[in-house]
Number of protein chains: 2
Amino acid sequence: MKENTCPTDTYLCLTPERVADILDEMPPDEQLYDLAELFKIFGDSTRIRILYALFEAEMCVGDIAQLLGLSQTAVSHQLRVLKINKLVKGRKEGKIVFYALADEHVRRIIDQGMEHIAE
Amino acid sequence: MKENTCPTDTYLCLTPERVADILDEMPPDEQLYDLAELFKIFGDSTRIRILYALFEAEMCVGDIAQLLGLSQTAVSHQLRVLKINKLVKGRKEGKIVFYALADEHVRRIIDQGMEHIAE
DNA sequence: ATATCATATGAACAAATGAACATATGAAAG
DNA sequence: CTTTCATATGTTCATTTGTTCATATGATAT
């Protein structure tokens, strides 16, 4: 038998103490679920492109659509998703709605992702 | 007519110069596509839980499964996804495979996400 | 009022995705 | 060799997701 392995009751390599430690450090499942939901929003190239466009400045729906070569409907749908998840905010001026990034977290999360890509 | 609006050829509120600027700042679509793919990986609570467990230490497949109350098959499938996308790395020791976070980007991306959640 | 413009919404459909099943490697022990 | 154990893979299936179409809202102008 190998020296490295450390069988316990039911675990192959973890001691009960370590199991307790790890479970203790883990955030509650509900929070991890919300976190996954957040990343799910970033996990679509259309939404990423919209967010990246908004990096530069606030923009109205039609211009985003034209800029990215998307239909107005598609953009509106995705902006709704982004707004619900607090990644963008809308400012209405007459019939035009200007959208902008909700906060700097959005930029930072995307930047971190970019760094990983460019490894 | 409102003073804020600035119609150009085809855009509602963007000047052609700004359009050029924005498009210039945008990474190529292929890169944004890859970025979305990366976030897609984080956008699943099972994978997030696995990654969080690996925050503490490297672990073998069976122990991860037991720790999180998942089937071995499910964990293996997700570890495969995580490995392909370079979020975890595997180290084989006999018949046991120990998985660990591939690099610190993973932790940082998740931490940034957590900060956003806790706003 | 009506017309037009910007955006939003709802329904329907195709594509992607995660989970569960069975099965297949591949390594150590007898 | 065969058996057992840890992990990996393939396939099917139900669900989710993004897009498109048609339509609705809401604001400005005539």
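Values reported hereafter were calculated over all heavy atoms of this structure, with side chains retained and with hydrogens, waters and symmetry mates removed. Since the structure is predicted, the reported quantities are computational estimates derived from the model, not experimental observations. Throughout, a chain's letter reflects where its sequence line sits, starting with A, and its residues are numbered from 1.
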Check: In whole angstroms, how far is the C1' atom of D:dG18 from the CG atom of A:Asn85?
Finding: 15 Å

Margin query: Counting only heavy atoms and a strict 4.0 angstrom limit, can you tell me which residues of residues 68-78 of chain A come near DNA chain D?
Written below: A:Ser71, A:Thr73, A:His77, A:Gln78

Check: Which nucleotide in the set C:dT7, D:dA8, D:dA6 lies at the smallest distance from any side-chain heavy atom of B:Val97?
Finding: D:dA8

Next item on the list: Mind listing the closest non-hydrogen atom pair of B:Lys89 and B:Ala102 along with its distance?
Entry: NZ-O, 4.0 Å

Note to self: Please give me the minimum heavy-atom distance between A:Ile50 and A:Leu79, naming the atom from each residue.
What the structure shows: CG2-CD2, 3.9 Å

Notebook entry, point to check: C:dA28 C1' sits how many Å from B:Ile96 CD1, rounded?
Noted result: 11 Å

Notebook entry, point to check: Using a cut-off of less than 4.0 Å, is there contact between a side-chain N or O of B:Tyr99 and OP1 or OP2 of D:dA8?
Noted result: yes

Item checked: Separation of atom NZ in B:Lys95 from atom P in D:dT4, rounded to whole Å -> 12 Å

Next item on the list: Starting at atom CD1 of B:Ile84, determine the distance to atom P of C:dT17, rounded to an integer number of angstrom.
Entry: 12 Å

Check: What residues in residues 26-51 of chain B put a non-hydrogen atom under 4.0 Å from any atom of DNA chain C?
Finding: B:Lys40, B:Asp44, B:Thr46, B:Arg47

Next item on the list: Could you pull out the closest heavy-atom pair between B:Ala53 and B:Leu67, with the gap in Å?
Entry: CB-CD2, 4.0 Å

Notebook entry, point to check: Under 4.0 Å: is that the gap between some side-chain N or O of B:Arg80 and OP1 or OP2 of D:dT9?
Noted result: yes

Note to self: Just to verify, what does A:Phe55 make a ring-ring contact (aromatic ring centres under 6.0 Å, His included) with, not counting sequence neighbours?
What the structure shows: A:Tyr52

Next item on the list: Enter the distance from B:Arg49:CZ to B:Ile64:CD1 here, rounded to the nearest 0.5 Å.
Entry: 11.5 Å

Checklist line | Nearest heavy atoms of B:Met26 and A:Leu68, plus distance in Å | finding: CE-CD2, 3.8 Å

Item checked: Heavy-atom side-chain proximity of A:Ile22 to B:Met59 below 4.5 angstrom -> yes

Check: Roughly, in whole Å, what's the span from CG in B:Leu79 to C1' in C:dA19?
Finding: 15 Å

Next item on the list: Write down the atom of A:Lys86, the atom of B:His116, and the distance for their closest heavy-atom approach.
Entry: O-CE1, 3.6 Å

Checklist line | Nearest-angstrom distance from the residue atom CD of B:Glu93 to P of C:dG26 | finding: 19 Å

What side-chain donor-acceptor pairs closer than 3.5 Å can you find for residues 28-45 of chain B, not counting sequence neighbours?
residue	atom	partner	partner atom	Å
B:Glu37	OE2	B:Lys40	NZ	3.1
B:Asp44	OD2	B:Thr46	N	3.0
B:Asp44	OD2	B:Arg47	N	3.1

Notebook entry, point to check: Restricting to pairs with a member in residues 95-104 of chain B, which pass side chain to side chain donor-acceptor pair (under 3.5 Å), not counting sequence neighbours?
Noted result: B:Glu104-B:Arg107

Note to self: Using every non-hydrogen atom in the two residues, find where B:Cys60 and A:Leu12 come nearest and quote the distance to one decimal.
What the structure shows: SG-CB, 4.0 Å

Margin query: Distance check needed: D:dA8 C1' versus B:Ile64 CD1, whole Å only.
Written below: 14 Å

Checklist line | Separation of C:dA6 C1' from B:Tyr11 OH (nearest whole Å) | finding: 16 Å

Checklist line | For DNA chain C, stems built from three or more consecutive Watson-Crick or G-U wobble pairs below 3.5 Å | finding: C:1-30 with D:1-30

